[in-house]
Amino acid sequence: MDVEKKVVETIEKYGLIKEKDKVVVALSGGKDSASILYILKKLGYNVEGLMIDLHLGNWSKIHNENMIRFCEANEVPLTIVDLKKEVGQGICFIKAVLKKSQNLTGCTVCGVIKRWILNKWAKKLGADVLVTGHNLDDEAQNVLMNFLKGHVLLGVNSSPATGGIKIKGFVQRVKPLFFVPESEILEYAKSKKFDILYDKCPCAFGTYRVETREWMKGISDLEKKKIVENFQKLVPKLRSENVWEIKKCGKCGEPSRRELCNACKIFSCLK
Ligand code: SF4
Ligand code: ZN
């Protein structure tokens, strides 16, 4: 299968996962993360699933049930972190407060909180690597979005192995689907008859990413690959010129570039 072959090639070329690694896969409930969990398990890696219950109504409930069933069927342990227990509120409330107080819209708030929880819990689970289901389309969208917003440097960490170097306190994040187009993953998941939700998140509307995704519909997978590969050629130089000191967040102790990490800044607005 082409998707499996591309995953193996990316893992080998970038040295993403070692044979003995404890591999924690961040599960959203969607086709990308379910597919990569399935493939890594099939390849014989020591895999575990990690999911966040965002409390997005029925959508989260169905995703949770699906992933419990999916992981059981594939004999993979699963941890579901309850966002309300973790930070006191569900994602809809948090997003509404941040929109009102900071005018932060779209998926920014959710993305920051998810990264914070995933890193914290991947450490608790003793992960050597944290796998995410980001695919070629996500990466091509990132390159264009960052470029159009004039924030090219935001993509400095974008590569199959995020960050490129080990940073104390961060579990190495890896993206074995980095070069696999979304269309191929969809076909793969359907061919395997994965019993999961194929809909997009109900909160993913009116965002810049959604607009970019729509706009990129006319772009072929080959062109998306060129966008991503050409940007990858710039990454080593951008990284060498932009080295940030990583400290510990004064509040939660997670790694951060500033005194207070972005997640703690968000939490402080909820009080
Ligand atoms: Fe969160 Fe946006 Fe992803 Fe929905 S689409 S889960 S709101 S980051
Ligand atoms: Zn913090």
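Hydrogens, waters and symmetry mates play no part in the numbers below; they use all other heavy atoms, side chains included. For ligands, and for the atoms within them, numbers begin at 1 and follow the listed sequence.
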- Query: Should the pair K192 and Y38 be classed as cation-pi, given the thresholds of under 6.0 Å to the six-membered ring centre and 45° from the axis?
  - Reply: no

Acceptor/donor pairs from residues 83-96 side chains to any protein atom, 3.5 angstrom cut, sequence neighbours excluded:
unit_1	atom_1	unit_2	atom_2	d
E86	OE2	K120	NZ	2.9
E86	OE2	W121	NE1	3.1
K95	NZ	G106	O	3.1

- Would you check whether K114 reaches within less than 4.0 Å of ligand 1, judged by its heavy atoms? yes

- Note on the structure: ligand 1 to K95, heavy atom cutoff 4.0 Å, flagged ligand atoms 7 (S)

- Item | ring pair (Phe, Tyr, Trp, His ring centres under 6.0 Å) partners for Y45, two or more places apart | none

- Message: For E182, give me all partners under salt bridge (Lys or Arg N to Asp or Glu O under 4.0 Å), at least two apart in sequence or on another chain.
- Response: K31, K200

- Message: Checking side chain to side chain contact (heavy atoms under 4.5 Å, CB included) between I80 and each of L27, I52, L50, I68, which is the one that passes?
- Response: I68

- For atom 4 (Fe) of ligand 1, count the protein N, O or S atoms found under 2.8 Å away. 1

- Task: Give a yes or no on whether K248 atom NZ has more than 12 heavy-atom contacts from other residues, nucleotides or ligands under 6.0 Å away.
- Result: no

- Would you check if the distance from the ring center of W215 to the ring center of Y208 is below 6.0 Å? no

